[in-house]
Asks: 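Below: one structure in C-alpha cells.
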Amino acid sequence: MTSITPQPVDWDVLASELAGIELITEPTQIAKLSLDYYHFSTVLQAKLSDKRGDLVVRPLNEAEVLRVAAACVKHKVPLTVRGAGTGNYGQCIPLNGGVILDTTRMSAIRWIKPGLACVEPGVKLAAFDKQARATGWEMRMAPSTYRTATIGGFIAGGSGGIGSITYGQLRDRGNLHAVRVVTLEDKPRVIGLRGDDVQKVNHAYGTNGIITELEIPLGPAYAWAELIVTFDDFMTAARFGQALGNADGLMKKLISIHAWPIPSYFLALKNYLPDGKHCALLMIAESCLEPFQDLVREYGGQVTYQKTAQEASRGTSLAEFTWNHTTLHARCIDPTLTYLQTFFFTLDRVEKMYHHFGDEVMMHLEFLRSNGQAMPAALQIVRYTTEERLNEIIRYHEEQGASIANPHTYILEDGGMKTVNVEQLKFKEMVDPYGLLNPGKMRAWLERAKSTIA
Ligand SMILES: Cc1cc2nc3c(=O)[nH]c(=O)nc-3n(C[C@H](O)[C@H](O)[C@H](O)COP(=O)(O)OP(=O)(O)OC[C@H]3O[C@@H](n4cnc5c(N)ncnc54)[C@H](O)[C@@H]3O)c2cc1C
C-alpha cells in the first residue's frame, strides 16, 4: 500500500534542495500563512486555530513547482497549496504541517482573447479583470473577495459570486475551460485537462493536483451601475429579486437581498439604509436603468443610492457588502454571529424559513442562475448559541427541502458536494499516490486509506 508514512523530516536538507526558490522560515510569517478565514465558523475556530505549516515556498513558475513537488514526494512531506488564503472553511489550512506552497508570485496573464483568457493561478482577480475589461471583456463571476483572492484559489476553493446571476456557478460546464496541474508522483509531471476533464480538479481544495495554469471564459464587459433599493416588507424585496433575476431583457451582475436588521451592519452605507427597511444591493448595466426603474416601481421599492460605473469605481463597491462580505460586516459588529449557505430553490421556502426562524437566522439572499433559472440562494446570518443548535437549524432546513452547503466543515464532501466525487478520487489516486496533497480534507481518500489498512 502506498500512503503517507510519518517520518522525521530534516527541514534544512529539504530547504537546501529548494535552493533558488523563495522560502519563508520565520515562524510568525508561517503562522500567518497557515490560516484563512476559517474563523467565520465558530465550529471551525476550535478545530483549526493551532494548525501550522513548517515551511512556506513561493515558486515563481511551473518549473519551480515541479521541484517543490519532487522534494515533498522524496521526503514524504504534506503539501498544501495557498492562494490568498481567503477561503472560509480552512481549505488551505495544513492539518498535518508540511510545506505551504504560496502561488501569489505566479501571477502572469498569458493571453486574453475575445471571450477567453489564460492565466497563472496566483493572479489576483481584480488585477486580471482590469486587464480583461480593457479589451471589452470581463470575468464572468467573482467572489466578493475579488480585490484579494487569486484565480487558482477561486477555482479550487470557491463556488461563485458576483456574476453568478447570469453565468451560474464555477462548477457549471463552460465556466472553466482548461487547467494544467502538477502531480505528486515519484516523478512529478504536468498534466493538461480540458473540457469535462477539468471537473477532476475543479473545487477539489487542491487535494489532487497543483494548478499551474488556467483557461477561463469571459463575458462582455458592461458598465455596471450600483444601486440600493429599499422595501417596507422583506418578501416584497425577495419577490423583486426573483423578478429581476427572471427579467431576461435586463442585464444584471448582482441581486443581493437583505432582511432587516442585516442592513444595520453596513455602517458605511447607513445614510442609504433607513431603519427597519429591507434592501436590495444591485449591479445593473447602465444601459438598462430605464426599464429597471419600471420594475422598481412595480414592486414599490425606493432607490436610495445610485452610482454610475465610473463613480462606483472610485469608492468601495456595493459588491463588498454582498455574498460573504455580508457576514464579514455583521461579524465586525458582533463576532458571535456566524452563517449558513443555502439553496432554497423557491421563494415559498424562503418565506417559510424567514418566519420560522425570525431573528435567529437573518435572511440574506443571493440570486443565481441554476439550470437556466434564477434561483434564491442564501448566506443567512445566524445568531450562534451551540453547535447542537446550529446542526438543528441545518437539519430543519434540509427536512423542509432546502440544501445546505455546510460552511462549518473543512471536509470537501461534507460542504456543498454531499457525495463522494469518484472522478476526483480516481484522479487523486493517480496523481497523489502518497496522499500528500492537503491531507485530511477529502473524505473519500480518508475512507479509502482506512479500508486499505483494514
Ligand atoms: C469576506 C469573504 C467573502 C467571500 N465571498 C465569496 C464569494 O462570494 N464566493 C466564493 O466562492 N467564495 C467567497 N469567499 C471565499 C474565498 O474568498 C474565495 O473562494 C476565493 O476565491 C478564494 O481564493 P484564495 O486565493 O483566497 O484561495 P485560498 O483560500 O488560498 O485557497 C482556496 C483553496 O484552493 C486551494 N488552492 C489555491 N490555489 C490552488 C492551486 N493553484 N492549485 C490547487 N489548489 C489551489 C487551496 O489549497 C484551498 O483549498 C469569501 C471569503 C471571505 C472571507
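Being a predicted model, the structure only gives us computed values, none of them experimental. Remember, it's 1-based here, ligands and their atoms both numbered in the order they're listed. Count residues from 1 along the sequence.
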Asks: Kindly confirm or rule out an N or O of Trp323 lying under 3.5 angstrom from an N or O of ligand 1.
Replies: no

Asks: For ligand 1, does Tyr37 get within less than 4.0 Å through its side chain, its backbone, both, or neither, judged by non-hydrogen atoms?
Replies: side chain

Asks: Using distance alone, decide if ligand 1 has a nitrogen or oxygen within less than 3.5 Å of any nitrogen or oxygen in Ala142.
Replies: no

Asks: Do Phe231 and Phe240 have ring centres separated by under 6.0 Å?
Replies: yes

Asks: Among protein heavy atoms, which lies nearest atom 36 (N) of ligand 1, and at what distance?
Replies: Ala156 CB, 3.6 Å

Asks: Would Lys428 and Asp432 pass as an ion pair if we require N to O under 4.0 Å?
Replies: yes

Asks: Does any N/O atom on Thr103 come nearer than 3.5 Å to any N/O atom on ligand 1?
Replies: no

Asks: If you measure from the Lys or Arg side-chain nitrogens to the Asp or Glu carboxylate oxygens, is any gap between Glu17 and Arg67 under 4.0 Å?
Replies: no

Asks: Do Glu64 and Asn61 come close enough that some side-chain heavy atom pair is under 4.5 Å?
Replies: yes

Asks: Below the 3.5 angstrom mark, is there an N/O of His325, backbone or side chain, next to an N/O of ligand 1?
Replies: no

Asks: Can we call the ring centroids of Tyr354 and Phe234 under 6.0 Å apart?
Replies: yes

Asks: Please check if atom CZ in Phe266 has more than 12 non-hydrogen atoms from other residues, nucleotides or ligands closer than 6.0 Å.
Replies: yes

Asks: With respect to atom 50 (C) of ligand 1, which of Ile100, Asn88, Val81, Leu101 exhibits the smallest heavy-atom separation?
Replies: Asn88

Asks: Among Thr145, Ile93, Ile151, which one has a heavy atom closest to atom 2 (C) of ligand 1?
Replies: Thr145

Asks: Looking at atom 12 (N) of ligand 1, what's its closest protein heavy atom, distance included?
Replies: Pro143 CB, 3.8 Å

Asks: Looking only at distances, can you tell me whether any N or O atom of Gly161, backbone or side chain, sits closer than 3.5 Å to an N or O atom of ligand 1?
Replies: no

Asks: Checking the N or O distance criterion of under 3.5 Å, is ligand 1 in contact with Tyr205?
Replies: yes

Asks: Give a yes/no on ligand 1: does Gly209 have at least one heavy atom closer than 4.0 angstrom to it?
Replies: yes

Asks: What protein heavy atom sits nearest atom 22 (C) of ligand 1, and how far off is it?
Replies: Thr86 OG1, 3.4 Å

Asks: For ligand 1, is any non-hydrogen atom under 4.0 Å from Ser144's backbone (N, CA, C, O), its side chain (CB onward), both, or neither?
Replies: both

Asks: Of all the non-hydrogen atoms in the protein, which one sits nearest to atom 41 (N) of ligand 1, and at what distance?
Replies: Ile211 O, 3.0 Å

Asks: Do the side chains of Tyr339 and Gln380 get nearer than 4.5 Å, heavy atoms only?
Replies: no

Asks: How far is atom 44 (N) of ligand 1 from its nearest protein heavy atom, and which residue and atom is that?
Replies: Gly206 CA, 3.2 Å

Asks: Less than 4.5 Å apart, any side-chain heavy atom of Phe343 and any of Leu368?
Replies: yes

Asks: Any donor-acceptor pair under 3.5 Å linking the side chain of Glu413 with the backbone of Arg443?
Replies: yes

Asks: Please work out which of Gly153, Gly160, Gly158 has its closest non-hydrogen atom nearest to atom 19 (O) of ligand 1.
Replies: Gly158

Asks: Inspect the contact between Glu226 and Lys307 and indicate whether a charged nitrogen and a carboxylate oxygen are less than 4.0 angstrom apart.
Replies: no

Asks: Can a salt bridge be assigned to the pair Glu320 and Arg147 using a cut-off of 4.0 Å between side-chain N and carboxylate O?
Replies: yes

Asks: Would you check the N or O atoms of Gly87, main chain and side chain alike, for any that come under 3.5 Å of an N or O of ligand 1?
Replies: yes

Asks: Which residue, Tyr265, Phe321, Trp323, forms the ring-ring contact (aromatic ring centres under 6.0 Å, His included) with His329?
Replies: Phe321

Asks: Give the numbers and elements of all ligand 1 atoms closer than 4.0 Å to a heavy atom of Gly83.
Replies: 25 (O), 28 (P), 30 (O), 37 (C)

Asks: Any atoms of ligand 1 less than 4.0 Å from a non-hydrogen atom of Phe154? List them with their elements.
Replies: 11 (O), 21 (O), 22 (C), 23 (O)

Asks: What protein heavy atom is closest to atom 28 (P) of ligand 1, reported as residue, atom name and distance in Å?
Replies: Gly85 N, 3.6 Å

Asks: Checking a contact table here: which protein heavy atom is nearest atom 24 (P) of ligand 1, and how many Å away?
Replies: Ala84 N, 3.5 Å

Asks: More than 12 foreign heavy atoms under 6.0 Å from OH of Tyr222: is that the case here?
Replies: no

Asks: Could you check whether Glu429 pairs with Lys426 (Lys NZ or Arg NE/NH1/NH2 to Asp/Glu carboxylate O, under 4.0 Å)?
Replies: no

Asks: Output yes when the distance from some N or O of ligand 1 to some N or O of Leu328 is under 3.5 Å, and no in every other case.
Replies: no

Asks: Considering heavy atoms of the protein only, find what lies nearest to atom 4 (C) of ligand 1 and give residue, atom and distance to 0.1 Å.
Replies: Asn324 CB, 3.3 Å

Asks: Taking Arg58 first and then Glu22, would you say they form a salt bridge - that is, a charged N and a carboxylate O separated by under 4.0 Å?
Replies: yes

Asks: Pull out every atom of ligand 1 sitting under 4.0 Å from any heavy atom of Ala149, numbered as shown with elements.
Replies: 20 (C), 21 (O), 23 (O), 25 (O)

